[in-house]
Amino acid sequence: MEFILAIAIGILFASGIWLVLRPRSFQVIIGLMLLSYATNLFIFITGKLAINQPAFTFSEAAAATELFTDPLPQALVLTAIVIGFATTALYLVVLLGSRGLTGTDHVDGKEREVTHE
Amino acid sequence: MSEFGHILTLPILIPLVVGALLILINERHHQLKFAINLVSTMGLLAVSLILLYLTDYPQDGLNAVVYLAANWEAPFGIVLVGDRLSAVMLVLTTVIATGALIFSYSRWAQVGVHFHTLFQLLLMGIHGALLTGDIFNLFVFFEVMLAASYGLLLHGYNVVRLRAGLQYITINLVASVFFLIGIALIYAGVGSLNMADIAAQASLLEAGNRTLFHTGAAVLAVAFLTKSAMWPLSFWLPNAYTAAAPPVTALLVVLTKIGVYVVLRLYLLFFGEHAGASAEFGAPLLLTGGLLTMAYGIIGLIASQESNRIASYSAIISSGTLLALIGMGNSAMLSSLLFYLISSTLAVAAFALLSELISRIYPTRNQVLAITFEAFEVDEKHDVSSGYVIPAAMAFLGLSGMACALIIAGLPPLSGFVAKFGILHQLLQTEHLNATAWLFMILIISAGLGSIITFVRFGIRSFWASHREAPPRLKLTEVAPIIVLLMICVGLVIFAGPMFDLLERTSGEATNATQYIERVLNQPSVGGSQ
């Protein structure tokens, strides 16, 4: 289980980093989204992976720590997802504005000049 | 809980409420919006001064003011901690914010929408980052601060700003990913997010967990060092500073220093002397990075022609100096470090504001600006009615430009000299000066030399070699903030004694991590056992 998740996070990070370094703003935003997915999964596993264990209980009698998984990383992931959504949406607006004003989707706002040999 | 605890919520709640309120008011009532914003910002300044007084003269014998949100005791709940260091930074932020706001009155607040809302939200983020005692909340407040700064950077939307904004946002989103990974690793290693709790456990960690903790701190540092513009993470800064509207640039100067503040705070807490095997982790890297940043800043500064670029590279040099000083880990120098931080931030912010006024000497260069104003119908006639045009504009520009230059370069008689003298004096008092310390001294003196060369060249080109018959029109509201910011720097020299006493107490408290830990973790909840 840990192995699969680790591989998944690694692939997401690798793809994200590669895309963020690309020159088109659309590729960059997809890269940023992949990076944030990878980060969210990463935060999630810091509380250790547990199967079939709830994060909290309402019954005080059953409150034994080994029966429950760590709720804090889940709360952190939730916050990180929301913030990630908001910033991605904001980035999308800037991206569209840049596309409209400069007429290109290159991150520098202008196409690289092609040199002829 | 001390009866003053609630004051810590004010610097966060006031801007949040006022910012939300300002959305409801139509942009046509810009004077009303400005007035509300100004009242709120001045109120925040007053709150910051009260907080500084409360932390400096503790009423109940306890050092810092601690607020337990929702009455959960640390480390389980979220805490806000106000000590002298936070309070000093709060005062600095609100002073510069007030200046930038007044400066924006006659023009800049009107070139786009929701300037005042974003301004208040930016203040909320900064204040939250200064007051929080929890690294995840630090992340949240950083995001609030950054989201507002994205909006402000794009304020007065044009191609240059969009291009710079796109890069600035990308860099910061990637830095936020690092931030989160760092937090997750620290949580995995230490099992806590509360700064005081992490600091308390730093010396008790097992080897495996310690490695996780160190990795997390290093990844976290990448995020903060990007914000505080350490070379090679600083290439975004000159473009962003140059593209932004001047009042926004002044605020971005503060933002960079918030990055430095967080590095200082977390470094002292996590890797101070109490941290056992973790003590001084990463110090050589901070020192080397700081020195490289200074060198990079000096080269960039000498190569700069435009006033905005000069301001950018001055900010980079100042960050580099501060990071190198933190990396030296000499707690005796902390008060000089803070004095330098205050004086250089004020001067660079004042120069960022001033540079727009200076650029009015050359009206042809302001084509981009003209397009922006046309788009938002800010015409000159209306402009005249909303401000008093001051006489002797050229004399003002020349004199304040010179004052900024003296402070940034660190020449007598202004505060930059006192700051640099303090740093060098402390450095020369240490017994075994190693090669890095000498390198640092060489760099700090060359930074002064480089600044002088650049400013003299810039001054000659702007004031002597410019052939313009009519001097530029400057409004009182644009001139007053610059004068006030520079006057504070003069005040720092006149009252250097009391100021250094305050900063001595500040650094004494900030370096005493054990006291901080005990203070935060022993804060009783209301109605709880004492």
Side-chain angles (χ1 to χ4, degrees), chain A residues 9 12-13 16-17 19-22 25 27-29 31-48 70 72-73 75-110, chain B residues 75-76 78 118 134-137 139-144 146-151 153-154 157-194 209 212 216 219 223 239 243 368 371 375:
Chain A
I9 293 173
L12 280 174
F13 264 122
I17 291 169
L19 280 172
V20 161
L21 298 174
R22 302 295 300 157
S25 49
Q27 293 168 320
V28 174
I29 195 171
L32 286 170
M33 284 165 78
L34 290 183
L35 283 181
S36 77
Y37 294 154
T39 315
N40 291 342
L41 283 175
F42 186 84
I43 299 174
F44 187 69
I45 61 163
T46 55
K48 283 182 188 160
D70 190 347
L72 198 66
L76 301 187
V77 167
L78 206 58
T79 319
I81 290 174
V82 174
I83 292 179
F85 262 139
T87 44
T88 310
L90 194 126
Y91 188 80
L92 199 61
V93 173
V94 179
L95 184 159
L96 289 175
S98 167
R99 175 74 182 77
L101 269 183
T102 60
T104 162
D105 62 349
H106 197 280
V107 285
D108 288 339
K110 56 175 184 255
Chain B
F76 303 108
I78 294 164
L118 290 169
D134 175 297
I135 50 173
F136 197 77
N137 274 281
F139 167 73
V140 175
F141 283 122
F142 253 73
E143 287 302 311
V144 172
L146 289 172
S149 79
Y150 304 153
L153 179 63
L154 294 169
Y157 217 59
N158 62 34
V159 179
V160 182
R161 282 190 195 132
L162 260 176
R163 200 179 295 154
L166 204 64
Q167 289 160 4
Y168 176 73
I169 298 175
T170 312
I171 287 278
N172 278 305
L173 288 183
V174 175
S176 298
V177 168
F178 275 100
F179 204 146
L180 278 172
I181 295 172
I183 291 174
L185 283 170
I186 289 181
Y187 181 70
V190 187
S192 179
L193 291 169
N194 183 292
N209 286 342
L212 272 178
V219 175
N239 279 341
V368 182
I371 297 168

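Here the side chains of A:Leu72 and B:Leu193 are in contact, with some heavy-atom distance below 4.5 Å. At a threshold of 4.5 Å between non-hydrogen side-chain atoms, the residues B:Leu154 and A:Val94 count as touching. The shortest side-chain heavy-atom distance between B:Phe139 and A:Ile83 falls under the 4.5 Å cut-off.
Each of A:Ile43, A:Leu35, A:Asn40, A:Leu76 has some count of heavy-atom pairs under 4.5 Å with chain B, and the biggest count is that of A:Leu76. Per-residue counts of heavy-atom pairs under 4.5 Å with chain B were compared for A:Thr102, A:Thr79, A:Val28; the largest is that of A:Thr79.
Atom CZ of A:Phe13 has more than 12 heavy atoms from other residues, nucleotides or ligands within 6.0 Å.
A distance of 9.0 Å separates OG1 in B:Thr170 from CD1 in A:Ile29, rounded to the nearest 0.5 Å. In this structure, the separation between OG1 on A:Thr39 and CG on B:Leu180 is 6.0 Å, given to the nearest 0.5 Å.
Proximity to chain A among residues 183-190 of chain B is limited to B:Ala184, B:Leu185, B:Tyr187, B:Ala188, judged by heavy-atom separations below 4.5 angstrom.
Closest of all the heavy-atom pairs between A:Ser98 and B:Leu166 is OG-CD2, 4.1 Å.
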